[in-house]
Amino acid sequence: MDNVKIIAIPVMGKSTDYKVSKLFARSPFFIIYDEKNQTIQFAKNDYKGDQAQSGKHISKLLVAKGVNVFCGHDIGFNVQKIAEENNIQLILLPETKGMMGETVINMIKKK
Amino acid sequence: MARPVNPRKVFSRPKVKGFIPMGFYASDLDTIYLSVEEYESIRLKDYMGLSQLESSEHMAVSRPTLTRIYEKARNKIAEALCEGKQILIQGGNVIYHEKWFVCNSCSSKFNIKGKSDNTEKCPLCGSENVVLIENDL
Ligand SMILES: [Zn+2]
């Protein structure tokens, strides 16, 4: 059974110091955090300007990178659909304004 | 035969079941029923400030469908405000994900994949103080 969580967190820039994006699919970057190895990678969202299909495309890209948890404030239906098809867990962050990528990672680390 | 419409899954459920008017002319007998989809269109467009296109993508509906749902929602809310009617949020072409939990420690919500024995931990903060969200509010 696969217990290793690889978590995608949408952030406004290529650093953990940036805020978590309001919308998952429209985020310019994603932190990809490997919970077991505690490693951080970044994925650029080349689809954020794709007005109709960004959710679908970015979800598939994240799945291809081994992500099995999507974590964000607001996750649209297209992303939810890909998540369901690929057995991806969804975490909805509280509606705290200005939450940083690092804050989320620190919460996961401290568990 | 009409083509069946795929139900849309939502998890951004409304926080309350509805709204009650106050004052002399308030009527708790007349009720406006706002569907969950209609509520969602208001939340995305007016509360989150998304464009028509972004909202339609978020709800996985076409732009004309989104416009129709949104217009209907606006009309219903206007009627309730101006005529002092109560609003109940319920129904619509939506189903909720099977098992969602809310963490009482960090307020995050999460779903569970596969089998669950209801002794879940929050995947974010690790708290065991989590409760299953019921489909009915
Ligand atoms: Zn928690």
Side-chain angles (χ1 to χ4, degrees), chain A residues 1-7 9 20-26 33 35 47-59 68-97 99 103-111, chain B residues 6-13 15 36-37 40-41 43-44 47-63 65-66 69 93-116 120-128 130 133:
Chain A
M1 210 180 115
D2 184 20
N3 281 323
V4 180
K5 285 187 176 174
I6 299 175
I7 304 157
I9 306 154
V20 177
S21 303
K22 203 162 71 167
L23 291 180
F24 193 88
R26 295 296 174 121
Y33 179 65
E35 199 180 20
Y47 308 106
K48 79 181 178 70
D50 183 340
Q51 303 208 310
Q53 303 281 322
S54 61
K56 196 171 117 188
H57 292 317
I58 190 60
S59 312
N68 52 23
V69 181
F70 291 165
C71 176
H73 287 299
D74 224 308
I75 299 176
F77 291 87
N78 286 326
V79 178
Q80 287 182 49
K81 199 163 165 263
I82 303 290
E84 194 180 12
E85 285 166 12
N86 291 280
N87 218 26
I88 305 281
Q89 184 179 32
L90 300 172
I91 303 174
L92 289 184
L93 296 169
E95 287 167 20
T96 318
K97 292 210 165 66
M99 202 173 196
T103 316
V104 179
I105 291 171
N106 284 339
M107 283 176 85
I108 299 167
K109 273 185 186 169
K110 277 186 198 156
K111 280 195 308 206
Chain B
N6 285 337
R8 291 181 258 287
K9 295 196 173 186
V10 293
F11 44 58
S12 46
R13 68 187 67 229
K15 284 198 171 119
V36 177
E37 285 163 297
E40 181 72 352
S41 72
R43 187 183 76 85
L44 293 173
Y47 179 69
M48 301 264 305
L50 303 192
S51 70
Q52 198 103 328
L53 198 61
E54 286 172 325
S55 304
S56 64
E57 187 198 346
H58 210 73
M59 288 178 71
V61 295
S62 68
R63 214 163 6 153
T65 302
L66 187 272
I69 295 169
N93 185 29
V94 290
I95 51 170
Y96 294 110
H97 273 286
E98 52 289 353
K99 273 200 171 176
W100 275 85
F101 291 81
V102 62
C103 172
N104 286 328
S105 299
C106 73
S107 303
S108 68
K109 294 173 191 158
F110 56 96
N111 68 354
I112 294 296
K113 291 288 162 194
K115 63 178 193 307
S116 157
E120 298 299 335
K121 271 188 184 175
C122 172
L124 201 60
C125 73
S127 169
E128 288 180 9
V130 298
I133 301 172

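To find a chain, count down the sequence lines: A is the first, B the second, and so on, and within it residues start at 1. Since the structure is predicted, the reported quantities are computational estimates derived from the model, not experimental observations.
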- [ ] Start with the C-alpha gap between A:Asp74 and B:Arg43, add the side-chain angles, then the distance that decides, and say whether side chain to side chain contact (heavy atoms under 4.5 Å, CB included) holds.
- [x] CA-CA 11 Å; A:Asp74 224 308; B:Arg43 187 183 76 85; 2.9 Å; yes
Task: Closest-packed option against chain B by number of heavy-atom pairs under 4.5 Å, given A:Asn106, A:Leu93, A:Ile88 - done: A:Ile88
Open item on the list: If you compare all heavy atoms of B:Cys106 against all heavy atoms of A:Pro94, which two are closest, and at what distance to 0.1 Å?
Closed with: O-CG, 3.1 Å
Task: A:Gln89 side chain vs B:Phe110 backbone, donor-acceptor pair below 3.5 Å - done: no
Open item on the list: Could you measure the distance from the NZ atom of A:Lys22 to the CG atom of B:Leu50? Nearest 0.5 Å is fine.
Closed with: 6.0 Å
Open item on the list: For the interface with chain A, which of B:Ser127, B:Ser51, B:Gly126, B:Pro123 has the highest count of heavy-atom pairs at distances below 4.5 Å?
Closed with: B:Pro123
TODO: Hey, could you give me the CE/CD distance between B:Met59 and A:Gln80, rounded to the nearest 0.5 Å?
DONE: 11.0 Å
Open item on the list: Report which part of A:Leu23 has an atom under 4.5 Å of a heavy atom belonging to chain B: side chain, backbone, both, or neither.
Closed with: side chain
- [ ] Starting at CD1 of A:Ile108, measure out to SG of B:Cys122 and round the result to the nearest 0.5 Å.
- [x] 9.5 Å
TODO: Specify the closest pair of heavy atoms between B:Glu57 and A:Gly55, including all atoms of both residues, with the distance to one decimal.
DONE: OE2-N, 3.1 Å
